[in-house]
Amino acid sequence: MARLANLNGVFETLSRIQIRLASLERAKKGVEIVGFLGKKKDDCEEQHSMQTTRRVALGLASIAVVGKTCNAVSFAEDNGFWIDGRIPLPSVNNKIENENTGTRSFLKKRIFIADIGLKGRMYRLRKYAFDLLAMEDLIGKDTLNYVQKFIKIKSTFMYYDFDKVITAAPVDDKQPLLDLANRLFDNVEKLDAAVKQRNILQTETTYKDTKAILQEVMTRMA
């Protein structure tokens, strides 16, 4: 129904343009062009025709753009990629939160975690572990604000991805993955705390401890 409504709108707009063109054609026949500033009648008619053509072309182009946009929205509604309402808040099913707080200090709130499938999540875990390993050169006294933001966004995605990977894993693999996730996120919390305190020495020390776990994550998700 949405697509039919979009098409009806396009047809109505085309009808208006046709009526407008007919009016312009009648007006052009009924008006005598008078030379202005030495311009010939033929030159004026040619310029007027070019301007009319440009207007028509722009009008048709805008219709095409609107039509494609409306169709894209319709397709999104049909294939499930369109979210009607608030963005759903992510949650976890496995015990990877901090036992004392019931959450993790580094988690960013109000963030949408796209469901890209099990293989996609494993790839994203490996990629973000690599990104955090590459962060070493960024750690410095004047760059801790950037380090903190970088840690939060990457670790938040890894937190929810790890939960889905653990849930989908075979029974024998669940506990090793759960232990790996908790070791990683325990260290990330310590790293996040050191960065918040602007303690550069503690940040560097904790980061060195975290590197070995990140490398283990990359190996496990390969």
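Ring orientation note: the planes of Phe185 and Tyr159 are nearly perpendicular, at an angle over 60° on the 30°/60° scale.
With contacts defined as side-chain heavy-atom distances shorter than 4.5 Å, the pair Phe162/Val92 does not qualify. Under the 4.5 Å side-chain criterion, counting only non-hydrogen atoms from C-beta, Asn93 is not in contact with Ile166.
Pairs passing the salt bridge (Lys or Arg N to Asp or Glu O under 4.0 Å) check and including a residue from residues 162-182, sequence neighbours excluded, read Asp173-Arg220. Sequence neighbours left out, not one pair with a member in residues 201-222 passes ring-ring contact (aromatic ring centres under 6.0 Å, His included).
The OG1 atom of Thr143 lies 12.5 Å from the NZ atom of Lys149; values are rounded to the nearest 0.5 Å. Leu132 CG to Lys127 NZ: the interatomic distance, rounded to the nearest 0.5 Å, is 10.0 Å. Here Thr103 contributes atom OG1 and Asn98 contributes atom CG; the two are 8.5 Å apart, rounded to the nearest 0.5 Å. Rounded to the nearest 0.5 Å, atoms CD (Glu189) and OG (Ser155) are 10.0 Å apart. Taking CG of Leu125 as the start and OH of Tyr160 as the end, the distance is 14.0 Å to the nearest 0.5 Å. Residue Lys154 holds its NZ atom at 12.0 Å from CG of Leu214, rounded to the nearest 0.5 Å.
Taking the side chain to side chain contact (heavy atoms under 4.5 Å, CB included) definition, one finds that Ala212 meets it with nothing, sequence neighbours left out.
In this structure, a donor-acceptor pair under 3.5 Å is present between the side chains of Gln202 and Thr206.
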Open item on the list: Using the rule given for side-chain contact (heavy atoms from CB on, under 4.5 Å), can you reason through Phe157 versus Ile111, listing the C-alpha separation, both sets of side-chain angles and the distance that settles it, and then say yes or no?
Closed with: CA-CA 9 Å; Phe157 273 88; Ile111 187 170; 3.5 Å; yes

Open item on the list: Determine whether Leu191 and Asp209 satisfy the following criterion, side-chain contact (heavy atoms from CB on, under 4.5 Å), listing intermediate values before the conclusion.
Closed with: CA-CA 9 Å; Leu191 182 60; Asp209 296 336; over 6 Å; no

- [ ] Could you please spell out the steps behind the side-chain contact (heavy atoms from CB on, under 4.5 Å) verdict for Val217 and Tyr128?
- [x] CA-CA 10 Å; Val217 171; Tyr128 284 8; over 6 Å; no

Task: Val195 and Ile139: CA distance, side-chain angles, deciding distance, side-chain contact (heavy atoms from CB on, under 4.5 Å) verdict - done: CA-CA 9 Å; Val195 173; Ile139 296 176; over 6 Å; no

- [ ] Could you give me the CA-CA distance, side-chain angles and deciding distance for Asp186 and Lys190, then say whether salt bridge (charged side-chain N to carboxylate O under 4.0 Å, His left out) is met?
- [x] CA-CA 7 Å; Asp186 286 346; Lys190 294 176 183 177; over 6 Å; no

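Linking ILVMFWY residues whenever their side-chain heavy atoms come closer than 4.5 Å, directly or via other members, leaves Phe130 and Tyr123 in distinct clusters. Met122 and Ile116 fall into different hydrophobic clusters, where Ile, Leu, Val, Met, Phe, Trp and Tyr side chains are chained together by heavy-atom contacts under 4.5 Å.
When atom types are taken as modelled, the side chain of Asn182 and the backbone of Lys95 share a donor-acceptor pair closer than 3.5 angstrom.
Minimum interatomic distance between Val188 and Thr210 (heavy atoms only, all atoms of both residues): CG2-CG2, 4.5 Å. A pairwise comparison of heavy atoms in Phe106 and Lys152 identifies O-CG, 3.4 Å as the closest pair. Residue Asp192 comes nearest to Ser105 through the heavy atom pair OD2-OG, 3.5 Å, listed as atom of the first residue, atom of the second, then distance.
Just one of Lys119, Arg126, Arg124, Arg121 meets the side chain to side chain contact (heavy atoms under 4.5 Å, CB included) condition when paired with Met221; it is Arg126.
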